[in-house]
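What follows is a single structure, written as structure tokens, with notes after it.
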Amino acid sequence: MKMTEAKFVQGFIRMANDGWEQGWHERNGGNLSYRVKAEEVDQVKENFMPGEWKPIGTSVPKLAKEYFLVTGSGKYFRNVILDPEDSVCMIELDETGENYRIVWGLANGGRPTSELPSHLMNHEVKMLASGGKHRVIYHAHTTNVIALTFVLPLEDKVFTRELWEMATECPVVFPDGVGVVPWMVPGGREIAVATSELMKKYDVAIWAHHGMFASGEDFDLTFGLMHTVEKSAEILVKMLSMQPNKRQTIMPEDFRNLAVDFKVTLPEEFLYEK
Ligand code: 2HA
Ligand code: ZN
């Protein structure tokens with residue numbers, strides 16, 4: 001089967017374009033990766049032309065021999081739908097989980113996303129924590145979440161609680177909460193380690209003054225998670241722009257009642273008295 005005809009490749013392209021249409025991917029901002037299923041690798045492997053092995057820049061031994069579809073470094077999300085073969089690549093990891101090689105894509109040269117260490121370390125943590133279910137890691141420059149990182153304390157419990165209060169669906173969509181990484185230099189191992197530590201607990205990590213990482217089982221769930229968190233942040237930005245204090249809001253007891261009816265567990269650490 002032609003690469004771009006495969007359903008998982010089409011899902012990847014659609015998600016990249018949806019993110020572009022949301023305004024989260026100025027220039028070459030953001031990146032997306034998908035851990036490809038063995039049967040999906042089989043569907044498309046006639047297209048593979050393996051390149052040279054190169055160091056990942058970190059070690060992900062639990063992901064040895066896995067295949068990933070990833071956006072390219074310096075590539076623009078707005079171009080993915082027009083020319084996926086130029087913007088995206090499929091990579092294979094070696095048996096140590098320390099090196100990768102491109103097996104398809106980036107037809108005009110290039111390398112996988114500059115955030116490859118963060119993507120792969122997040123994949124490793126989320127694959128283990130979810131019993132193999134999580135397959136998508138998504139990084140976007142979400143405007144309202146970024147704006148909030150200038151005015152809220154950079155604490156997991158503050159971001160989680162404020163975002164939960166902005167829309168009733170939020171605690172149901174991300175009941176574990178969100179983590180916050182302080183400002184760090186992007187692209188390297190250090191920020192990857194900090195992010196993947198938070199991903200042991202959460203499906204969402206906010207990068208102060210930069211954007212967000214989200215993890216999920218498939219394209220719909222992961223895009224939907226990013227979208228829900230960012231929409232909640234947009235409501236909070238609007239609310240704070242009208243007046244600094246809430247006249248009324250969802251209270252800790254309301255969250256506890258919601259948790260019972262919607263059968264989610266909401267950690268008490270986020271239901272503190274203010
Ligand atoms: O330019 O978003 O974090 C890609 C990025 C780096
Ligand atoms: Zn970024």
Side-chain angles (χ1 to χ4, degrees), residues 12-13 15-35 54-58 60 68-84 86-91 100 102 105-106 108-126 136-150 154 159 178-199 202-216 219 222-223 225-227 229-231 233-234:
F12 185 100
I13 293 168
M15 178 156 164
N17 200 60
D18 286 348
W20 156 248
E21 289 184 348
Q22 288 296 324
W24 300 337
H25 300 286
E26 76 290 340
R27 203 172 181 275
N28 60 321
N31 21 77
L32 174 62
S33 64
Y34 171 69
R35 187 166 57 83
K54 304 213 167 108
I56 294 166
T58 191
V60 283
F68 296 85
L69 199 58
V70 298
T71 48
S73 177
K75 298 295 182 181
Y76 291 27
F77 267 54
R78 68 187 278 263
N79 291 336
V80 169
I81 197 166
L82 298 176
D83 195 357
D86 173 75
S87 307
V88 172
C89 65
M90 186 132 149
I91 60 170
Y100 74 90
I102 295 174
L106 289 174
N108 300 301
R111 51 194 167 79
T113 168
S114 59
E115 303 294 358
L116 192 64
S118 279
H119 276 260
L120 293 180
M121 291 190 84
N122 288 340
H123 272 294
E124 188 175 51
V125 162
K126 298 310 289 186
V136 183
I137 299 287
Y138 182 29
H139 170 57
H141 294 175
T142 43
T143 316
N144 293 283
V145 162
I146 297 170
L148 289 174
T149 65
F150 295 94
L154 299 176
F159 269 82
V178 301
V180 185
V181 180
W183 189 87
M184 292 174 79
V185 176
R189 186 169 183 276
E190 203 187 337
I191 197 166
V193 170
T195 311
S196 61
E197 267 309 306
L198 289 177
M199 283 292 190
Y202 307 113
D203 291 340
V204 179
I206 292 169
W207 279 6
H209 323 324
H210 184 144
M212 243 196 291
F213 265 86
S215 172
F219 298 122
T222 314
F223 187 83
L225 177 58
M226 184 72 82
H227 201 188
V229 175
E230 171 59 6
K231 172 145 186 193
E234 182 180 351

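Numbering of ligands and ligand atoms starts at 1, following listing order.
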If you measure every N/O of [X] against every N/O of ligand 1, is any gap under 3.5 Å?
X: Glu115; value: yes
X: His210; value: yes
X: Pro186; value: no

### Message
Out of the candidates Val88, Asp86, Leu32, only one should pair with Val80 under the side-chain contact (heavy atoms from CB on, under 4.5 Å) rule; please name it.
### Response
Val88

### Query
Given Thr149, which of Phe159, Trp183, Trp207 fulfils the side-chain contact (heavy atoms from CB on, under 4.5 Å) condition?
Phe159

### Message
Under 4.0 Å, heavy-atom basis, I'd like to know which part of Asn31 is in contact with ligand 1: side chain, backbone, both or neither.
### Response
side chain

### Summary
Honestly, for Arg27 the part within reach of ligand 1 (heavy atoms, under 4.0 Å) is neither

### Query
Which residue, His25, His119, His210, forms the side-chain hydrogen bond (donor to acceptor under 3.5 Å, both in side chains) with His139?
His210

### Message
Under a 4.0 angstrom heavy-atom cut-off, which atoms of ligand 1 come close to Asn28?
### Response
1 (O), 4 (C)

### Query
Which ligand 1 atoms, with their elements, are less than 4.0 angstrom from a heavy-atom of His139?
2 (O), 3 (O)

### Message
To check your reading of the site, what angle at the Zn ion (ligand 2) do NE2 of His210 and NE2 of His139 form, to 10°?
### Response
100°

### Query
What closest approach, in Å, do Leu148 and Ala233 show between heavy atoms, and which atom pair accounts for it?
CD1-CB, 3.6 Å

### Message
Rounded to the nearest 0.5 Å, what separates atom CZ in Phe213 from atom CD1 in Ile206?
### Response
13.0 Å

### Distance (rounded to the nearest 0.5 Å) between Phe12 CZ and Ser33 OG
7.0 Å

